[in-house]
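Below: one structure, written as structure tokens.
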Amino acid sequence: MIREPFLVPCAEPVAKLPPYVFATTFKWKEEALAAGRDVVDLGVGNPDGRPDPAVVAELVRAARDPAANCHGYSTFKGHPTLRRAIAAFYARRFGVDLDPETETLPLIGSKEGLANLMRAYLERGDTLILPTPCYPAYFGAARLCGAEIFEAPLRPEHGFVLRFADIPADVARQAKMLVVNYPNNPTGGVADLDFYREAVAWCREHRVLLVSDIAYSELGFDPDTPPPSVLQVPGAAAVAVEFQSLSKSHNMAGWRTGFAAGGAEPIATLGRVKSMVDFSLFGAVQLAAAAALTGDQQVCADNRALYRRRRDLMVAGYRALGWDVPSPPATMYIWAPVPRAWAGDDFAFVREVFERTGVLLSPGSAFGRHGAGWCRTSLVADDAGIAKVLRKLADAGLDWTA
Ligand SMILES: Cc1ncc(COP(=O)(O)O)c(C=O)c1O
């Protein structure tokens with residue numbers, strides 16, 4: 001093939017996309033691996049655990065069983081068994097009653113659903129309120145719609161829970177959508193039902209679509225207060241849509257399984273967009289996801305115990321170095337201000353730690369402007385891996401003072 005520059009430009013919103021936030025750190029990692037260095041990647045939140053064996057067994061059974069009829073196209077709305085399982089999960093976990101037919105929608109991962117919901121509701125110039133630091137994919141999906149993004153600060157002194165007073169009146173007047181994510185990636189912050197009550201009231205008042213992302217709802221460490229759903233709030237369905245994922249809670253990130261839940265209208269609208277771009281999930285994955293949601297949820301309990309133990313090991317280790325990091329109440333992340341010696345330059349800190357030790361963290365700026373000066377550690381190394389990381393960091397000769 002003769003290689004020459006491509007003659008046709010891509011669409012403007014795509015051309016204007018900034019480079020993927022983790023592209024730089026991925027490049028460091030690739031170069032280090034190519035040079036034969038030992039790398040420990042604590043940058044990406046890729047679970048290292050396995051799904052429930054019963055879920056894998058259901059995948060295999062459904063793929064083998066002619067009666068399951070999985071190998072043709074699925075229906076756009078997803079398999080009825082999975083929709084019923086989603087409704088059963090919401091009833092059991094949150095006491096929320098959903099009509100499986102009209103108020104649930106299987107997704108090819110919640111990332112897909114979040115992007116398609118933005119496509120369904122955001123036009124060029126519409127304002128999206130993103131409390132940040134946040135999951136970076138929200139930025140790209142909104143930019144592809146040509147939306148304007150207002151970043152509201154999540155502050156440590158408020159447990160990283162959004163304060164509505166931090167949204168200026170003119171932004172509130174213009175806004176079309178607000179995305180909230182609790183338990184929060186990257187901060188580990190948790191919101192209670194009072195927060196969702198306020199969010200629903202605020203969004204009803206301002207006619208703003210409230211998107212609740214609860215990808216980490218099963219990874220809260222306090223057994224007495226499991227993280228709630230926005231749909232527990234009476235009147236939420238008039239403004240809110242919720243997104244859930246099996247990636248982290250059920251160790252199924254590679255399976256691409258998530259779902260949306262909420263009022264019939266936004267669910268149908270999201271379904272309409274999806275019907276133009278995909279054909280739902282592989283049927284056997286849907287039946288296995290249904291098994292995951294209706295099973296004993298032991299894998300979620302095991303994950304809570306696992307990440308809690310890793311959090312404790314990591315926090316204790318960091319503190320022993322002299323880096324006084326906070327201990328998060330949920331998720332698989334530690335979110336901490338970079339030590340004083342780097343004067344708030346999170347990229348410089350992450351780079352130097354990586355160069356000296358091969359341990360890769362995530363720079364906080366990747367999570368939005370209010371993430372600057374912080375960094376994220378993913379708890380994806382096992383106990384031996386954590387011990388190794390802490391040894392490498394201790395030997396690095398760095399000043400960890402906060
Ligand atoms: C807050 C948040 N929402 C959604 C997702 C995407 O999950 P999924 O694998 O279901 O697309 C992630 C993944 O890291 C996340 O952190």
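Fair warning: this is a prediction, and the values are worked out from it, not measured in the lab. Just so you know, ligand 1 is whichever comes first in the structure, and atom 1 is the first atom listed for that ligand.
Side-chain rings of F160 and W374 approach one another, their centers coming within less than 6.0 Å.
Between the side chains of Q244 and Y90, no donor-acceptor pair of N or O atoms lies under 3.5 Å. Judged by distance alone, the side chains of Y318 and T377 do bring a donor and an acceptor atom under 3.5 Å apart.
Within the 4.5 Å cutoff, the side chain of I214 has heavy atoms near those of the F94 side chain.
The contact shell of ligand 1, taken as protein residues with any non-hydrogen atom closer than 4.0 angstrom, comprises G109, S110, K111, Y135, Y138, N181, N185, D213, A215, Y216, S245, S247, K248, R256.
Between E30 and K27 there is no salt bridge, since no side-chain nitrogen of the basic residue lies less than 4.0 Å from a carboxylate oxygen of the acidic one. A salt bridge is absent between R37 and E31: the closest approach of a Lys/Arg side-chain nitrogen to an acidic carboxylate oxygen does not fall below 4.0 angstrom.
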